[in-house]
Amino acid sequence: MDRPNDPQRMERIVSLCKRRGFIFQGSEIYGGLNGVWDYGPLGVELKRNLKDYWWRVMVRERDDVVGMDGAILTHRAVLKASGHEDTFSDPMSTCRQCKRLVRADQVEEAVLETPYAKSLESVFNNGKFNGAAILRWAEREGRKLAPNMAIVRNPQVTLSWLAEHFEEASAPLVEFEDFIRYLATEQLNVTGLVMPCPNCGGDLTEARPFNLMFSTQMGASADTESIAYLRPETAQSIFVQFKNVLDTARKKLPFGIAQIGKAFRNEINPRNYIFRSREFEQMELEYFCRPEHGMELLDYWLEERLKFYENIGLPRTKLHVLTVPDADRAFYSKGTYDIEYEFPFGLQELEGVAYRTDYDLTQHQAASGKSLDYFDEDTKARFIPHVIEPSAGVDRTVLALICEAYDEETVTDEKGKSENRIVLRFHPRVAPVKAGIFPLLKNQPPLVEKAREVQALLRPLMNVFYDETGAIGRRYRRQDEAGTPFGITIDFETLGERDPGLRDTVTLRHRDSMEQERVKISELAARLSGAIA
Ligand code: GAP
């Protein structure tokens, strides 16, 4: 079940999320808006619990961090100074035939997932040349699956390159990726080997930078002066407000400013469900420090962040730390870690922990002409602080929580009947609903009344769900699928009908073990509050 690259598991998770009201496609009834998602009743609770826990441990439980909530609309000058206007881009190619846009650095990955690549696997012949089979493929499957691929449009010329390759005694075999490149290349001497369009197999243009920021017009006049951006990260408003926060919060280094909020990126290929979206939320901390403490604080924050993920139910064994190599780091960063999680579609980034040096504050000081330095009262020195930035994605973490929690098992009831149980094993801290409250029978007013009393008792403390419809087993299953850690059943024992000693006790059912115990109503609040803290 836990293997990476498990598309069936991912499909089941996506289907559960829709069926149970966690996540819906944005603007769904109008055909959907690509890369945009809406959270339903359970999803919004899960997301809120995650953000609240982050805020609690990153801000409220610390003396050295304060929070802020910056605007989404951002002055163009801010994102010019930060470098986003000039360099926040992905390389993009366009298909000359179908006009589809593709990320040039992800073409190979995308091509290998296409139906035409899958169908070519049988023609590949372990890298040994079989011209007849290739031509047959071009005539049949190729026409349907990759109509604009060179081998389909111009089979003889295209095949000749591959045949030539096989005549060279030194290169008798090809790798599968190169096999596809040969089939997509019409003018080898001019273009070299090329990767085809993942959509139609056609020719891709040279890669060009495509800026990922969404811009908008402020006010009535639509000229370049009125351009504003939807922020591509929450971090920049923290840097821009650094001085205001420093002056008002009266903090000394090291200290941090935290923010949770929306960010927008016009991703070329939004993919993997909510993993890469065009509208998403970030939880970012900018932790300002003296330059000499930068590297040690980078490691400190990495460890803090790993503990955070463990505390919400993502085991350390599923988290990987990638030390970003020098060549892949932003030029101003002295060290960056990516925290990755084993999603069903592979190991992917959840959060970056980066030592950004004094780059951002220096840039904004230079561009705005306003001082963003720090005055050290002990040494009387002025300097621009350095910054460590743990930057996490809310939506990616929500997805990791759902993927980690999803489980299916076969259970046997007391009558010996087996059934498949789908259960989301969320950590109680993040579970959308903490307890289901069930009167055993809905047509028994004393049971219903007592259940309503229990609901009123717990409601101010946690999110509970009252359900009186259907057999009790079905009600338990519905809450298992929602990831509710506790079920509270009000039955005839609660009324003290058979044993007065059991009056005002309930059945407390545990989601994961399905074990049940008798608990006094008066003890419920403390028991459950302790478990979800
Ligand atoms: N301020 C630094 C920054 O924004 P980033 O690596 O571009 O760094 C930080 O983004 C985190 O934001 C990522 O690790 C990821 O969790 C989340 N994120 C970035 N782009 C995203 C997208 N298109 N969809 C969902 N989450 C995204």
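Residue numbers run from 1 in the order of the sequence given. Just follow the structure's listing: the first ligand is 1, and inside any ligand the first atom is 1.
Legend: residues meeting ring pair (Phe, Tyr, Trp, His ring centres under 6.0 Å) with F255, ordered by chain and number and at least two apart, are F288. When the ring pair (Phe, Tyr, Trp, His ring centres under 6.0 Å) test is applied to F375, no partner is found at least two apart in sequence or on another chain. Partners of S119 according to the side-chain contact (heavy atoms from CB on, under 4.5 Å) rule, which considers only residues two or more places apart in sequence or in another chain, are W137, E141, L145.
H364 is listed as a side-chain neighbour of Q236, based on a closest heavy-atom distance under 4.5 Å.
Salt-bridge annotation for E304 and K307: present, with a side-chain N of the basic residue lying under 4.0 Å from a carboxylate O of the acidic one. A salt bridge is absent between R421 and E481; no separation between the charged side-chain nitrogens and carboxylate oxygens falls under 4.0 Å.
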Under a 3.5 Å threshold, I'd like every N/O contact between ligand 1 and protein atoms, with atom names and distance.
unit_1: ligand 1; atom_1: 1 (N); unit_2: E233; atom_2: OE1; d: 2.6
unit_1: ligand 1; atom_1: 1 (N); unit_2: E284; atom_2: OE2; d: 2.5
unit_1: ligand 1; atom_1: 1 (N); unit_2: E389; atom_2: OE1; d: 3.4
unit_1: ligand 1; atom_1: 1 (N); unit_2: E389; atom_2: OE2; d: 2.9
unit_1: ligand 1; atom_1: 4 (O); unit_2: E233; atom_2: OE1; d: 3.3
unit_1: ligand 1; atom_1: 4 (O); unit_2: R265; atom_2: NH2; d: 2.9
unit_1: ligand 1; atom_1: 4 (O); unit_2: Q282; atom_2: NE2; d: 3.0
unit_1: ligand 1; atom_1: 6 (O); unit_2: E349; atom_2: OE2; d: 3.4
unit_1: ligand 1; atom_1: 7 (O); unit_2: R265; atom_2: NH1; d: 2.8
unit_1: ligand 1; atom_1: 7 (O); unit_2: R265; atom_2: NH2; d: 3.0
unit_1: ligand 1; atom_1: 10 (O); unit_2: Q282; atom_2: NE2; d: 3.4
unit_1: ligand 1; atom_1: 12 (O); unit_2: Q282; atom_2: NE2; d: 3.2
unit_1: ligand 1; atom_1: 14 (O); unit_2: E349; atom_2: OE2; d: 2.6
unit_1: ligand 1; atom_1: 14 (O); unit_2: L350; atom_2: O; d: 3.4
unit_1: ligand 1; atom_1: 16 (O); unit_2: L350; atom_2: O; d: 2.8
unit_1: ligand 1; atom_1: 16 (O); unit_2: G393; atom_2: N; d: 3.0
unit_1: ligand 1; atom_1: 20 (N); unit_2: R265; atom_2: NH1; d: 3.3
unit_1: ligand 1; atom_1: 23 (N); unit_2: E267; atom_2: OE2; d: 2.8
unit_1: ligand 1; atom_1: 23 (N); unit_2: S277; atom_2: O; d: 2.8
unit_1: ligand 1; atom_1: 24 (N); unit_2: F275; atom_2: O; d: 3.3
unit_1: ligand 1; atom_1: 24 (N); unit_2: S277; atom_2: N; d: 3.0
unit_1: ligand 1; atom_1: 26 (N); unit_2: R396; atom_2: NE; d: 3.4

